[in-house]
A.B. asks: 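Submitted below is the structure of interest, expressed as structure tokens.
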Amino acid sequence: MSNDLLIHATGLCALALNLVALVRTCERSLRMQSAVAGVIWALNNALLGAHTAAALSLLSAGRTATSASMLDSGERLRRALFAGFVLLALGVSAATWNGWPSALMTVASIVSTYAMFYLRGRPLRWSMLAVSALWMHNAWFHDSWEQMLANALTAAAALYGAWRIEGSRPAAAATAHAVIDCAQVLPQERRDADPATDPPPQRQR
């Protein structure tokens with residue numbers, strides 16, 4: 001398989017995974033599918049010779065997969081992981097520095113890291129718009145139409161995902177009670193839906 005064909009194949013595969021992930025309302029599925037896409041984008045960037053982008057994409061995949069398992073974790077653990085991944089992103093950027101493209105991708109990595117650890121629902125998807133805009137420079141710089149298309153469609157998918165969440169429940173509930181695991185009902189919602197778990201009425205005296 002020629003190098004150009006492999007570049008196009010990995011770009012299209014990662015693009016498809018990104019789009020499927022961003023239109024999901026399930027927070028855990030969004031993160032896991034985005035992590036797989038990140039690994040493929042790392043390969044795509046390595047083939048293009050974009051070493052900073054490849055390293056940050058691989059770091060992004062690990063961070064996104066980690067955040068998927070930390071959705072129910074305490075604030076202290078999330079803060080420590082967030083700081084660790086930010087430091088790693090800064091280290092990767094410094095080691096592979098290539099001017100403004102590296103700076104923009106580093107900012108995108110930090111914004112995305114914050115979003116994955118601290119945001120859910122619509123705010124998470126809005127942040128992906130900013131990340132896509134920052135990554136667009138790398139796509140243009142390396143003349144990768146797959147990445148340019150990916151960033152444009154990722155932005156559109158993020159908007160659609162935010163609209164789906166808004167349309168499926170009130171705005172306040174979309175952020176506070178976003179579905180974490182598609183196969184799992186939140187405990188409070190389960191108790192509200194099951195009258196058998198309600199406490200017995202108190203007897204009047």
A.B. asks: Between Ala53 and Trp135, which heavy-atom pair has the shortest distance, and what is it?
C.D. replies: CB-CZ3, 3.6 Å
A.B. asks: Report yes or no: do Tyr118 and Leu81 belong to one cluster of Ile/Leu/Val/Met/Phe/Trp/Tyr joined by side chain heavy-atom distances under 4.5 Å?
C.D. replies: yes
A.B. asks: Using atom types as modelled and distance alone, determine if a side-chain donor or acceptor of Asn44 lies under 3.5 Å from a backbone N or O of Ile7.
C.D. replies: yes
A.B. asks: Closest heavy-atom contact between Ile110 and Phe82?
C.D. replies: O-CE1, 4.3 Å
A.B. asks: Does any N or O in the side chain of Thr96 come within less than 3.5 Å of the main-chain N or O of Val92, such that one atom is a donor and the other an acceptor?
C.D. replies: yes
A.B. asks: Linking directly or through intermediates, with side-chain heavy atoms under 4.5 Å: list the remaining ILVMFWY members grouped with Leu129, chain and number order.
C.D. replies: Trp126, Leu159
A.B. asks: Let's go through Tyr114 and Leu119 carefully: what are the C-alpha distance in whole Å and the side-chain angles of both, what is the deciding distance for side-chain contact (heavy atoms from CB on, under 4.5 Å) to 0.1 Å, and is it a yes or a no?
C.D. replies: CA-CA 7 Å; Tyr114 179 84; Leu119 301 181; 4.1 Å; yes
A.B. asks: Could you check whether any side-chain N or O of Ser60 sits under 3.5 Å from a backbone N or O of Gly38, counting only pairs where one atom can act as donor and the other as acceptor?
C.D. replies: no
A.B. asks: Any side-chain to backbone donor/acceptor pair from Arg31 onto Met116? Under 3.5 Å, distance only.
C.D. replies: yes
A.B. asks: Hey, is the main chain of Thr64 close enough, under 3.5 Å, to the side chain of Ser67 for a donor-acceptor pair?
C.D. replies: yes
A.B. asks: On the 0 to 90° scale, with breaks at 30° and 60°, tag the His137-Phe141 ring pair as parallel, tilted or perpendicular.
C.D. replies: parallel
A.B. asks: Is the ring centre of Trp145 less than 6.0 Å from the ring centre of His8?
C.D. replies: yes
A.B. asks: Within this structure, what is the CG-CZ distance for the pair Leu30 and Arg125, rounded to the nearest 0.5 Å?
C.D. replies: 5.0 Å
A.B. asks: Report the hydrophobic cluster partners of Val36, with the cluster defined as I, L, V, M, F, W, Y residues connected by side-chain heavy atoms closer than 4.5 angstrom, directly or transitively.
C.D. replies: Leu17, Ile40
A.B. asks: Would you tell me whether Gln147 and Asn45 have side-chain atoms, one donor and one acceptor, within less than 3.5 Å of each other?
C.D. replies: yes
A.B. asks: Indicate yes or no for a side-chain donor-acceptor contact from Thr66 to the backbone of Gly62 under 3.5 Å, with no hydrogens or angles considered.
C.D. replies: yes
A.B. asks: Between Arg28 and Ser69, do the side chains contain an N or O donor and an N or O acceptor separated by less than 3.5 Å?
C.D. replies: no
